[in-house]
Asks: 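Input: one structure, supplied below.
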Amino acid sequence: MNKQELKVVGASAAGTAFEWYDFFLYGALVPVIGSKFFGGYGPAAQTVFALLTFAAGFLVRPLGAVIFARLTDLIGRKVVFLITLILMGASTVAVGLLPTSAEIGILAPILLVTCRILQGLAISGEYGAAITYVSEYAPRHQRAFFVGWLVGTTPLALSLSLAVQLVVQGVVGPEAYVEWGWRIPFIISVIPLAMSVWIRAKLNESPLFLKMKEEGTRAKAPLREAFGTRARLRMFGVVLVLAASLAFIGYLSTVYLLTTTQTHLKVDPFTVNCIFMVVMLVAFALCVFFCWLSDRVGRKPVMFTGIALSVLLIFPIANGLTTTANPQLARAQETVRVTLNADPAQCSFQFNPVSLGGTVSPCDQARNVLQANSVIFHRADATGPTTVVVNGTEVREGPNLADELTAALVDAGYPVKGSAETVRIDSLGDLLDSRVLLVALLVLALAALSQAVQGPAAATMAEVFPTRIRTTALSIPYQIGVAFFGGLLPATMVAIGAELGSFTAALWYPVIGMTIGLVILLFTLPETRGTDLSAVHIKGDVEDPEPAEEATAGDR
């Protein structure tokens with residue numbers, strides 16, 4: 001990279017890392033936020049509602065893509081950079097200042113959702129503008145490598161957010177951190193916000209955009225031009241499927257795994273954060289590597305290998321994590337048979353947001369105990385009193401149902417009050433413990449597969465659309481795919497596991513989704529390595545209004 005290219009990539013990556021840091025702070029704090037803003041619900045419902053609030057930041061991303069992508073194609077890449085950066089920073093600081101549900105009731109989660117919506121709007125504008133900006137600066141045969149430094153800031157930002165939390169927790173102590181210290185990482189984000197705005201303000205506009213502006217060939221109606229023909233609608237669908245596929249493995253390997261390792265496998269937050277902090281730092285380097293590789297062997301071989309291996313390895317990795325991280329829990333889940341017999345009318349839908357404050361039925365009481373202790377159970381419809389059978393021992397509904405059921409689980413071998421066998425980091429020496437290293441390698445395996453897809457996919461999405469509509473045409477299908485198949489994935493998987501009484505069963509959701517995506521992409525996604533961005537057109541689009549342009553210095 002020359003001096004100008006280093007400035008472009010460095011400044012773009014710094015700002016993007018800050019925005020993802022803000023966005024992932026929430027994802028890394030789901031267990032704490034669930035207890036603070038949804039404290040009146042059961043443990044599974046707390047996690048699901050906290051994850052649904054996380055998803056709210058995704059569901060508005062298609063709208064943000066429409067707004068900001070259109071602005072990016074009309075007025076330029078740099079201006080949108082600054083707008084989204086400031087919006088993200090302000091809404092993140094606000095999260096750290098919000099009162100909890102114990103203080104202001106239902107208004108607390110409403111304000112939290114509002115902040116997440118603003119964050120989602122900001123990140124939706126950031127992605128398309130940043131990818132377009134860097135790809136239009138990059139040399140043709142190093143484009144994915146340049147883009148990789150930008151996309152790699154996603155795991156880097158998650159690692160940074162975990163590092164900040166670990167430092168704050170170490171300073172204030174675990175109890176104070178859960179009580180009020182969790183606010184500090186949100187509030188201090190105002191510092192990198194100011195630095196990122198200052199850095200990005202010094203950037204120049206993309207050379208391809210400036211050339212297009214000088215020649216008067218900017219799109220007057222980017223939305224209509226982006227999706228106004230059959231060929232472009234077809235490419236819209238291809239990019240949406242690609243985005244959904246990378247979102248499945250991306251958010252499974254980050255937010256979902258980060259949350260369930262704590263809530264389901266019962267590994268303490270400090271240990272989980274340490275492992276993920278290191279793994280995501282390595283994932284950043286892997287993203288750059290896979291992008292570099294795709295510049296040499298092609299985008300499709302790298303991406304398709306990542307998706308296919310994810311489909312094949314998700315179940316073995318998940319089982320390995322359970323066995324390694326909490327052996328006692330793994331043994332209990334394997335050997336203890338638990339059946340919840342209850343009248344369906346008594347087992348309400350546990351994720352009903354208006355159910356707070358209602359009477360908790362015996363079925364719900366039993367289910368809360370089972371879910372809180374990561375028990376795999378079968379639910380059977382029955383008439384009469386609610387009963388739970390634990391390895392042949394029957395527990396009947398009554399005033400002491402929760403206590404009696406807990407005792408039965410302890411007798412059967414479930415680590416109800418925690419297990420001495422759970423993997424744990426108490427000192428620096430524990431980082432080299434064989435079980436800690438194995439857990440880290442299993443998490444890294446999923447993270448590596450995720451980066452093999454996400455990095456090359458970002459370059460591909462920039463390469464299949466013309467300059468005049470690139471940001472609009474890229475951003476909208478990408479944000480739709482990520483919003484519905486990535487943002488909702490953690491909450492959906494936790495809900496599936498809780499309802500079925502088996503968290504392993506929830507893994508079929510991303511496996512089936514990625515399998516379908518892989519089959520579709522094998523027959524529809526073009527190979528784009530080395531594409532000349534200044535002259536790209538969509539195959540079969542005879543109505544493409546973009547005039548042929550000479551390659552600029554950015555498309556060497």
Side-chain angles (χ1 to χ4, degrees), residues 18 21-47 49-51 53-54 89-109 111-113 115-116 119 157-193 255 258-278 280 325-326 372 415-420 422-431 436:
F18 165 72
Y21 164 83
D22 282 359
F23 200 75
F24 274 128
L25 265 181
Y26 183 99
L29 281 164
V30 162
V32 175
I33 289 176
S35 65
K36 295 298 179 183
F37 290 87
F38 304 97
Y41 296 92
Q46 285 182 18
T47 302
F49 288 147
L51 287 171
T53 304
F54 177 77
S91 52
T92 300
V93 172
V95 172
L97 300 174
L98 291 179
T100 65
S101 59
E103 297 169 319
I104 60 171
I106 192 64
L107 186 58
L111 292 174
L112 181 64
V113 170
C115 290
R116 286 297 300 169
Q119 287 184 320
L158 179 54
S159 179
L160 178 61
S161 71
L162 293 171
V164 171
Q165 291 178 56
L166 287 171
V167 171
V168 174
Q169 185 175 352
V171 172
V172 305
E175 293 183 1
Y177 183 75
V178 173
E179 182 64 27
W180 56 267
W182 62 271
R183 299 179 181 275
I184 297 176
F186 290 99
I187 296 172
I188 63 175
S189 67
V190 71
I191 299 173
L193 167 65
V255 177
L258 184 63
T259 300
T260 55
T261 304
Q262 298 175 59
T263 59
H264 179 61
L265 298 184
K266 308 303 180 184
V267 181
D268 70 284
F270 179 81
T271 300
V272 173
N273 287 349
C274 285
I275 291 173
F276 272 79
M277 179 186 68
V278 175
M280 291 303 147
N326 195 336
V416 170
K417 297 181 180 180
S419 170
T422 305
V423 67
R424 187 177 182 87
I425 296 175
D426 290 314
S427 65
L428 288 176
D430 292 334
L431 293 173
V436 171

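Along the sequence shown, the residues carry numbers beginning at 1.
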Asks: Indicate the atoms forming the closest heavy-atom contact of P99 with F37, along with that distance.
Replies: O-CE2, 3.4 Å
Asks: Where the side chain of R183 meets the backbone of Y177, is there a donor-acceptor pair that is under 3.5 Å apart?
Replies: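 Flag not set: sc R183 to bb Y177 has no pair under 3.5 Å.
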Asks: Might you work through the side chain to side chain contact (heavy atoms under 4.5 Å, CB included) test for E179 and K36, ending with a clear yes or no?
Replies: CA-CA 9 Å; E179 182 64 27; K36 295 298 179 183; 3.8 Å; yes
Asks: Please tell me if the side chains of D426 and F270 come closer than 4.5 Å, counting only heavy atoms from C-beta onward.
Replies: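 Heavy-atom side-chain distance check fails, nothing below 4.5 Å.
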Asks: Are L258 and L162 close enough, and set up right, to give a side chain to side chain contact (heavy atoms under 4.5 Å, CB included), and what steps lead you there?
Replies: CA-CA 11 Å; L258 184 63; L162 293 171; 4.3 Å; yes
Asks: Which value, rounded to the nearest 0.5 Å, describes the distance between T100 atom OG1 and L107 atom CG?
Replies: 11.5 Å
Asks: Hey, is CD on E175 packed in by over 12 heavy atoms from elsewhere, all under 6.0 Å?
Replies: no
Asks: Under a plain distance cut-off of 3.5 Å, with no hydrogens placed, do Q119 and T92 share a side-chain donor-acceptor pair?
Replies: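 There is such a pair (donor and acceptor under 3.5 Å, judged by atom type) between the side chains of T92 and Q119.
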Asks: Could you pull out the closest heavy-atom pair between T271 and V423, with the gap in Å?
Replies: CG2-O, 4.1 Å
Asks: Parallel, tilted or perpendicular: which describes the rings of F38 and F49, with under 30° parallel and over 60° perpendicular?
Replies: tilted
Asks: How long is the span from the CD1 atom in I425 to the CG atom in L431, to the nearest 0.5 Å?
Replies: 5.0 Å
Asks: Could you go step by step and tell me if Q169 and W182 meet the side chain to side chain contact (heavy atoms under 4.5 Å, CB included) rule?
Replies: CA-CA 8 Å; Q169 185 175 352; W182 62 271; over 6 Å; no
Asks: Nearest 0.5 Å, please: how far is CG in L158 from CE in M280?
Replies: 5.5 Å
Asks: Could you tell me whether R424 and D430 make a salt bridge, using a distance below 4.0 angstrom between a side-chain N and a carboxylate O?
Replies: no
Asks: I need the minimum non-hydrogen distance between G105 and P109, along with the two atoms involved.
Replies: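 So the minimum-distance heavy-atom pair works out to O-CD, 3.4 Å.
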Asks: On a heavy-atom basis, which atom in C115 and which in A94 lie closest, and how many Å separate them?
Replies: SG-CB, 3.8 Å
Asks: Please find the pair of heavy atoms, one from G181 and one from V172, that lie closest to each other, and give the distance.
Replies: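 So the minimum-distance heavy-atom pair works out to CA-CG2, 4.5 Å.
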Asks: Heavy atoms, side chains only, cut-off 4.5 Å: are C274 and L166 in contact?
Replies: yes
Asks: Out of curiosity, L97 CG to L111 CG, how far, rounded to the nearest 0.5 Å?
Replies: 11.5 Å
Asks: Donor-acceptor pair, distance only, cut-off 3.5 Å: does the side chain of Q262 make one with the backbone of T259?
Replies: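 Absent.
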Asks: Given the rule in the side chain to side chain contact (heavy atoms under 4.5 Å, CB included) test, do S189 and V93 qualify, once you have shown the distances and angles that lead to the verdict?
Replies: CA-CA 7 Å; S189 67; V93 172; 3.7 Å; yes
Asks: Test your reading of the model: is there a side-chain donor-acceptor pair from S159 to the backbone of M277, 3.5 Å cut-off?
Replies: yes
Asks: Side chain of N326, backbone of T422: donor and acceptor closer than 3.5 Å?
Replies: no
Asks: Has K266 got a side-chain atom pairing as donor or acceptor with T261's backbone, closer than 3.5 angstrom?
Replies: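 No, K266 side chain to T261 backbone: no donor-acceptor pair under 3.5 Å.
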Asks: Are L112 and I33 side-chain neighbours, meaning at least one heavy-atom pair lies under 4.5 Å?
Replies: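 SC-SC contact between L112 and I33 confirmed.
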